[in-house]
Each structure stands twice: as C-alpha cells, then as structure tokens.
Number of protein chains: 2
Amino acid sequence: MDTPQPEHLKSAGLKSTLPRLKVLDLFQRGQERHMSAEDVYKQLLADGESVGLATVYRVLTQFAQAGLLVRHNFEGGKSVFELNEGTHHDHIVCLQCGHVEEFYDSAIETRQKKVVSDLGFAIQDHSLHIYADCTKTKCPNRR
Amino acid sequence: MDTPQPEHLKSAGLKSTLPRLKVLDLFQRGQERHMSAEDVYKQLLADGESVGLATVYRVLTQFAQAGLLVRHNFEGGKSVFELNEGTHHDHIVCLQCGHVEEFYDSAIETRQKKVVSDLGFAIQDHSLHIYADCTKTKCPNRR
DNA sequence: ATGCAAATGAGAACGATTATCATTTGCATC
DNA sequence: GATGCAAATGATAATCGTTCTCATTTGCAT
C-alpha cells in the first residue's frame, strides 16, 4: 500500500482496521476517481487484497457518512463514490463511455441556492448530472 | 376511466391495449404527478383495475422511451415517472416526506449549456435534483 | 498477555426491476 | 362477425445492487 492515513479514520471516529485502510488507500492512490462498491471490491481482489463484499459496502457507507467520501447516484442504479476533497463540484457523465468529468460553476451554485430558498426549502444537498457525449479523443471505449 | 387518448399510443407506435390505457389515464388524471411503478400498480388496484406488476414496469418503460413519460432517478433507488408535457423543469425532493416540487430557472439552464459546451461536450440530457427539507405545512407525513 | 466491544466475512435476505413463457388480446383479414 | 397471428399480458422465476444476520476475528485499552 501507498500511504494510508489512519488519522483520517480516527478523526472520523472509525477504528483503524485493515479493510478500511485498504479501501481508503485505493481511493487515495487515485487510479480511478469514481468507483462503485463492486469496482472497489474487484480492484482490491485484483491487487491481491482480500476483503468481503459486505465489508466494502459497509465501509463505503461509513466513509460517506463520515465525510471521507461522497456518494453519487448516477443513472444506472448503482452508487458511485469519490474522495471528498472538500470542493463541491457537479458531474458530466459521458453516455458513450461512462467517463465522468467534473466541473464547478459558482453562478449556477448561487442561483440554485436562491431559487430553492425562494420556494421555502432548506437545501440540504443537490446533484447536477449532465449526460452528454464527449469528444472522440476523450471517449476511447464504448460501453 | 376519464378520457384516455389512444392517439398518443398509436403515434408512439404502441398498440392500444387496456393496461396501457389504464396507466396513461392514471397519469392524465393527474391526481399524483410523480409516481413509481409500485405507486401506479397500487393505485390501479385501489381503483379496482386489475393489472400485473410486470406489465406496469414494461408499460412505464415503453412510455418513457416513447416520450409520453419522463423517468427520474431520485435518491432512494426507485424510478419515478411523470407525464411529459414538453416543458423541462428541475426537481426539489423533500428528504422528510418524499414530496417532489418542480421548478425552472432559465438562468441556471443557459449557464449549464454554456459551461458544458465550453468543456467540449454535446449535452444530451441533464438532471438537477435538490434534496431539501420542506416546511412543516407542506410536509404532513414522514416516510 | 487478556478481555471485550467493534468489525469482519460468508451467506441469506431484501427491494426494485427484468426475463421467461404459457395464455390472452388487439386488430387486420376474410 | 369469425379467424389467425403477432404482439401484449400476467404469474412467476431470476437478476442485480445492497443490506442484514450471526458466528468468528480483530483492534486496542487494560
């Protein structure tokens, strides 16, 4: 493993266990930024690490609750997670290859807040998912 | 049944069958604007109409493909459908009661298009889901 | 080293959705 | 209106992502 950071676990009130360190490390290595539970599970197996699928699900949920990861529900029915680096951003998902690109636009953000509060809601969270076709060069593999 | 409109089915290349008319009519009556497959199934049963759950799923999918309905994937894992009236809008989903409110803001829309095209993507579709707590009065039942 | 609450892992269970397939239906043709 | 057949239906099994259960293992404070 690269450089696991148990402090992150501790500060999140989570015991520093082997499976948790492995999962955290996988995200920190950053080979894939957006991963589903199964992606994580398979990658760990491929890396020769042994973990239970149930544990992967548990750990991902805990990490998301603790704020270490962010959970996204894109179309397709499965949750996708990414490292929470504190900077909110929205996502563009390529309909051809599934590639996920991130973007942030403060004009959209402020406008959102205003519109929603004008309607009398207390905004908790939001997700803006753009589904698009990316350019050929960015889209090598079709799904 | 109120006023089913078989023309809509025909123009969508769908045979005008009883289950399809029942489902379409349910949406057109507009008692509930946003319904999941199970919502539709239960409401039809409650109305004394007999349909198979599998058929409801099939019909909803076909209607969404045909453009009669729009499918939404909110958090919570189940698809929700609404009548497609041609006017795009975004959604606020109450985290307490599941109530769905619609809104449209042209500033957000235009800004979205610009940001995405600047990144070299051809936007196909998008979904903006705001998760919020609605005011007590609007939120009678907790889920 | 010891003890125990917390975490794990294997597998069962679950909820939403889709697939299978024998039966029924819409509808064009006689 | 009767007939035929492809398309649609409905009951059920199957699938998929995810959560639950519970016996076993582990982290960590003593």
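Order of the sequence lines fixes the chain letters, A, B, ..., with proteins taken first and strands second; residue numbering starts at 1 for each chain. Given the structure is predicted, the values throughout are model-derived calculations rather than measurements. Hydrogens, waters and symmetry mates are skipped; everything else that's a heavy atom, side chains included, is used.
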In whole Å, what is the span from the [atom1] atom of [X] to the [atom2] atom of [N]?
{"X": "B:Leu18", "N": "D:dT9", "atom1": "CG", "atom2": "C1'", "result": "11 Å"}
{"X": "B:Glu75", "N": "C:dA16", "atom1": "CD", "atom2": "C1'", "result": "17 Å"}
{"X": "B:Leu14", "N": "D:dA8", "atom1": "CG", "atom2": "P", "result": "7 Å"}
{"X": "A:Asn73", "N": "C:dA16", "atom1": "CG", "atom2": "P", "result": "15 Å"}
{"X": "B:Leu60", "N": "D:dG10", "atom1": "CG", "atom2": "P", "result": "13 Å"}
{"X": "A:Gln62", "N": "C:dA6", "atom1": "CD", "atom2": "C1'", "result": "10 Å"}
{"X": "B:Glu49", "N": "D:dT9", "atom1": "CD", "atom2": "P", "result": "14 Å"}
{"X": "B:Tyr57", "N": "D:dT15", "atom1": "OH", "atom2": "C1'", "result": "13 Å"}

Could you tell me whether [X] and [Y] make a salt bridge, using a distance below 4.0 angstrom between a side-chain N and a carboxylate O?
{"X": "A:Arg29", "Y": "A:Asp47", "value": "yes"}
{"X": "B:Glu109", "Y": "B:Lys113", "value": "no"}
{"X": "B:Arg33", "Y": "B:Glu85", "value": "yes"}

Under 3.5 Å, which protein N or O atoms sit close to an N or O of nucleotides 9-11 of chain C? Give each pair with its distance.
unit_1 : atom_1 : unit_2  : atom_2 : d
C:dG9  : OP2    : A:Gly52 : N      : 3.1
C:dG9  : OP2    : A:Thr55 : OG1    : 2.8
C:dG9  : N7     : A:Arg58 : NH2    : 2.6
C:dG9  : O6     : A:Arg58 : NH1    : 3.1

Q. In terms of side-chain heavy atoms, does B:Arg58 have a donor or acceptor partner in B:Thr61 at a distance below 3.5 Å?
A.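 No, no side-chain donor-acceptor pair sits under 3.5 Å.
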
[N] OP1/OP2 closer than 4.0 Å to side-chain N/O of [X]:
{"X": "A:Ser36", "N": "D:dG17", "answer": "no"}
{"X": "A:Thr17", "N": "C:dA6", "answer": "no"}
{"X": "A:Lys15", "N": "C:dA6", "answer": "no"}

Q: Assign each of B:Val59 and A:Arg71 to its nearest nucleotide of DNA chain D by heavy atoms, then name whichever residue's nucleotide is nearer the 5' end.
A: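 The answer here is B:Val59.
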
**Q.** Pairing partner (Watson-Crick or G-U wobble, both distances under 3.5 angstrom) of D:dC28
**A.**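 Across all strands, the one nucleotide that pairs with D:dC28 is C:dG3.
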
Q | Among C:dA16, D:dT18, C:dT17, the one nearest A:Ala37 by side-chain distance | A |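 Closest nucleotide to the A:Ala37 side chain: D:dT18.
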
Q.
Could you check whether any side-chain heavy atom of B:Leu83 comes within less than 4.5 Å of a side-chain heavy atom of B:Gln28, counting everything from C-beta outward?
A.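 The answer is yes, as the side chains (C-beta and beyond) meet within the 4.5 Å cut-off.
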
Q) Under 6.0 Å between ring centres, would you say that holds for A:His126 and B:His91? A)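 Distance test on ring centres: not under 6.0 Å, no.
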
Q. Is the A:Phe74 to A:His129 ring centre distance short of 6.0 Å?
A.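 Centroid separation for A:Phe74 and A:His129: below 6.0 Å.
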
